[in-house]
Amino acid sequence: MSPSTPSSNFAACVKRLLTDLEYRYEPLPSCDANYWDQFHQWMFYTLGPTTSWSEKRLADLEHASGGIIERGYPYATTEVQLLYAKITALAILVDDIMEDEAMCAELAQFSHKLFLGEPQRTRLLALYHATLKEMSHLFEGSELQRDMAVIPWIVFIDGCLVEKRMFISKHGAPKITSLEGLAPHFPRYLRGRSGASESYVSGIFKAAKEQNLPVDRFIKAVPDAVFFCDVMNDILSFHKEELAGETHNFIHIRTRSLSSAGKRGSGAAGEWTPDDTLRLLCQELLEATRRVDGVLRLEECERKMRGEVIDGVDELDVEIAKQWRGWRDGYISWHLECRRYKLDRDSLVGTA
């Protein structure tokens with residue numbers, strides 16, 4: 001097996017999940033030169049000077065952050081796409097520089113200075129703050145959506161710092177203790193603080209600044225949609241993280257928690273393993289996604305789009321469902337296509 005080939009257990013889990021989700025792969029749309037040109041200019045002439053990264057690293061960051069938005073928000077205006085691509089690039093950069101102690105000291109003061117109205121001391125964090133202001137303006141028509149869109153990016157920085165203090169700064173593999181078994185919800189809590197997924201979910205229902213969809217039409221789907229964003233990323237990131245030997249990701253943290261709680265699994269001595277957690281997450285993700293589909297009446301709306309007469313489904317329902325479907329499948333496609341995740345789409349899409 002080559003180093004980039006996923007394990008058979010991982011491949012089987014993902015193939016079955018995508019089949020059960022009825023994931024639809026659509027080829028990449030033709031390049032939107034206006035979007036990519038503007039994003040490229042921002043990446044190299046606005047973001048670039050705030051960091052010491054090489055042109056190659058910036059190009060890889062541009063590919064990843066621009067691609068997720070291109071794929072996940074196919075119905076969004078260039079204005080919306082660019083804003084989410086910018087904050088995504090900034091967040092990936094922040095996550096990747098956590099080993100820089102001097103930068104971490106500045107990150108630790110980010111929210112404090114934000115709350116006090118004081119200027120940030122680095123160009124990178126000043127740009128991060130300015131981008132959050134842009135996002136607040138985008139969502140100024142809805143206070144709830146604005147909070148959903150902006151606040152997670154403030155929490156994200158502090159969440160990354162907590163992860164660093166707990167895992168990255170320690171040497172050797174984390175120890176399993178009985179305390180982990182007494183805190184079964186902590187892995188999910190920590191994941192939520194470092195994910196910013198609620199902001200992406202808010203963006204699903206904001207294809208244009210002028211679009212103000214009634215929040216009551218989609219708010220009940222938000223918790224499961226956030227779970228979808230977090231856990232789909234965790235599952236599709238697992239292969240590259242295993243190659244890198246990472247043990248502080250959500251799958252490993254939850255494995256240690258379940259193992260410490262005495263849960264029996266498929267290990268040689270009956271112990272709970274990361275593969276067991278992967279299978280569990282795939283099932284939980286399938287159930288959560290089906291709940292979102294149900295709340296947003298996805299199947300009924302798509303039947304209406306095909307010309308069927310469906311009682312109780314109006315054009316707003318269809319608009320919401322269409323934008324959810326765009327994210328639902330586009331988010332998966334981005335992971336399968338992005339070189340950051342080292343996956344082979346053709347080997348994973350199909351019947352398990």
Side-chain angles (χ1 to χ4, degrees), residues 35 37-55 57-62 64-66 68-69 76-169 190 192-203 206 209:
Y35 164 68
D37 286 351
Q38 289 188 64
F39 187 48
H40 179 77
Q41 293 295 316
W42 180 87
M43 281 291 309
F44 279 82
Y45 299 107
T46 301
L47 180 61
T50 72
T51 177
S52 61
W53 280 21
S54 67
E55 285 194 11
R57 288 191 76 185
L58 285 172
D60 287 342
L61 179 60
E62 178 182 358
S65 53
I68 186 176
I69 305 308
T77 62
T78 300
E79 177 186 20
V80 173
Q81 289 181 327
L82 280 172
L83 184 51
Y84 267 95
K86 290 174 184 179
I87 194 63
T88 300
L90 284 161
I92 293 174
L93 195 156
V94 165
D95 188 45
D96 283 359
I97 61 175
M98 276 293 153
E99 293 187 13
D100 183 330
E101 295 297 335
M103 193 62 207
C104 281
E106 295 300 329
L107 289 168
Q109 293 298 311
F110 176 76
S111 60
H112 180 62
K113 291 187 172 298
L114 187 69
F115 299 147
L116 294 181
E118 296 179 358
Q120 302 296 327
R121 293 187 298 192
T122 70
R123 295 168 69 187
L124 173 63
L125 292 181
L127 180 59
Y128 195 100
H129 186 190
T131 307
L132 295 188
K133 289 181 179 179
E134 287 186 61
M135 188 160 282
S136 186
H137 283 302
L138 175 68
F139 286 91
E140 60 190 14
S142 169
E143 65 281 357
L144 178 56
Q145 260 189 288
R146 183 176 64 244
D147 288 351
M148 287 170 55
V150 178
I151 292 174
W153 296 111
I154 301 171
V155 176
F156 166 79
I157 289 180
D158 293 334
C160 288
L161 288 167
V162 170
E163 284 189 335
K164 170 187 166 59
R165 292 177 186 128
M166 291 186 67
F167 306 114
I168 300 175
S169 296
L190 182 62
R193 292 190 69 83
S194 61
S197 290
E198 193 174 41
S199 182
Y200 288 114
V201 171
S202 187
K206 190 69 170 176
K209 186 172 183 178

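All values reported here derive from a predicted model rather than from experimental measurement. Each residue takes its place number in the sequence, starting with 1.
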For Glu118, what residues pass the side-chain contact (heavy atoms from CB on, under 4.5 Å) criterion, not counting sequence neighbours? Lys113, Leu116
Set of side-chain contact (heavy atoms from CB on, under 4.5 Å) partners for Asp37, sequence neighbours left out: Ala33
Sub-4.5 Å side-chain heavy-atom contact between Tyr84 and Ile68: no
Between Phe156 and Ala91, which heavy-atom pair has the shortest distance, and what is it? CZ-O, 3.4 Å
Heavy atoms, side chains only, cut-off 4.5 Å: are Met43 and His40 in contact? no
What residue pairs, at least two apart or across chains, pass salt bridge (Lys or Arg N to Asp or Glu O under 4.0 Å) with a residue in residues 120-130? Glu106-Arg121
Can you name the closest pair of heavy atoms from Ala85 and Tyr35 and give their distance? CB-OH, 3.5 Å
Where is the tightest heavy-atom contact between Pro152 and Ala196, given as atom of each residue plus distance? CB-CA, 3.7 Å
Apply side-chain hydrogen bond (donor to acceptor under 3.5 Å, both in side chains) to Gln120 and list each qualifying residue two or more places apart in sequence or on a separate chain. none
Working to the nearest 0.5 angstrom, can you tell me the gap between Met148 CE and Ser199 OG? 8.5 Å
Shortest non-hydrogen separation from Ala89 to Phe39 and the atoms involved: CB-CZ, 4.2 Å
Taking all non-hydrogen atoms of both residues into account, name the closest pair between Ala102 and Asp100 and its distance. N-OD1, 3.1 Å
Is the shortest side-chain heavy-atom distance between Thr78 and Gln38 below 4.5 Å? yes
Pairing residues for His137 by the side-chain contact (heavy atoms from CB on, under 4.5 Å) criterion, not counting sequence neighbours: Glu140
Could you give the side-chain donor-acceptor pairs of residues 45-55 under 3.5 Å, partners two or more places apart or in another chain?
unit_1: Thr50; atom_1: OG1; unit_2: Leu47; atom_2: O; d: 2.7
unit_1: Thr51; atom_1: OG1; unit_2: Trp53; atom_2: N; d: 3.3
unit_1: Ser54; atom_1: OG; unit_2: Arg57; atom_2: N; d: 3.2

Could you check Ile157, Leu161, Thr122 and say which one makes a side-chain contact (heavy atoms from CB on, under 4.5 Å) with Phe110? Ile157
Taking side-chain contact (heavy atoms from CB on, under 4.5 Å) as the criterion, tell me which of Asp96, Ile97, Asp95 meets it with Leu93. Ile97
Only pairs under 3.5 Å count here: list side-chain donor-acceptor contacts from residues 124-136, not counting sequence neighbours, and write none if there are none.
unit_1: Tyr128; atom_1: OH; unit_2: Trp153; atom_2: O; d: 2.7
unit_1: Thr131; atom_1: OG1; unit_2: Leu127; atom_2: O; d: 2.8

Non-neighbouring partners of Thr88 that pass side-chain hydrogen bond (donor to acceptor under 3.5 Å, both in side chains), sequence neighbours left out: Tyr200
Test side-chain hydrogen bond (donor to acceptor under 3.5 Å, both in side chains) applied to Lys86 - qualifying residues, sequence neighbours left out: none
So, for Ala59 and Phe44, which heavy atoms are closest and what is the spacing to 0.1 Å? N-CZ, 4.0 Å
Should Leu190 and Glu163 count as side-chain neighbours, where that means a heavy-atom distance under 4.5 Å? yes
Would you call Glu79-Lys206 a salt bridge at under 4.0 Å N-O? no
Which residues pass the side-chain contact (heavy atoms from CB on, under 4.5 Å) test with Ser111, not counting sequence neighbours? Phe115, Ile154, Asp158
Do the side chains of Phe139 and Asp147 get nearer than 4.5 Å, heavy atoms only? no
Rounded to the nearest 0.5 Å, what separation is found between the OG atom of Ser194 and the NZ atom of Lys164? 14.5 Å
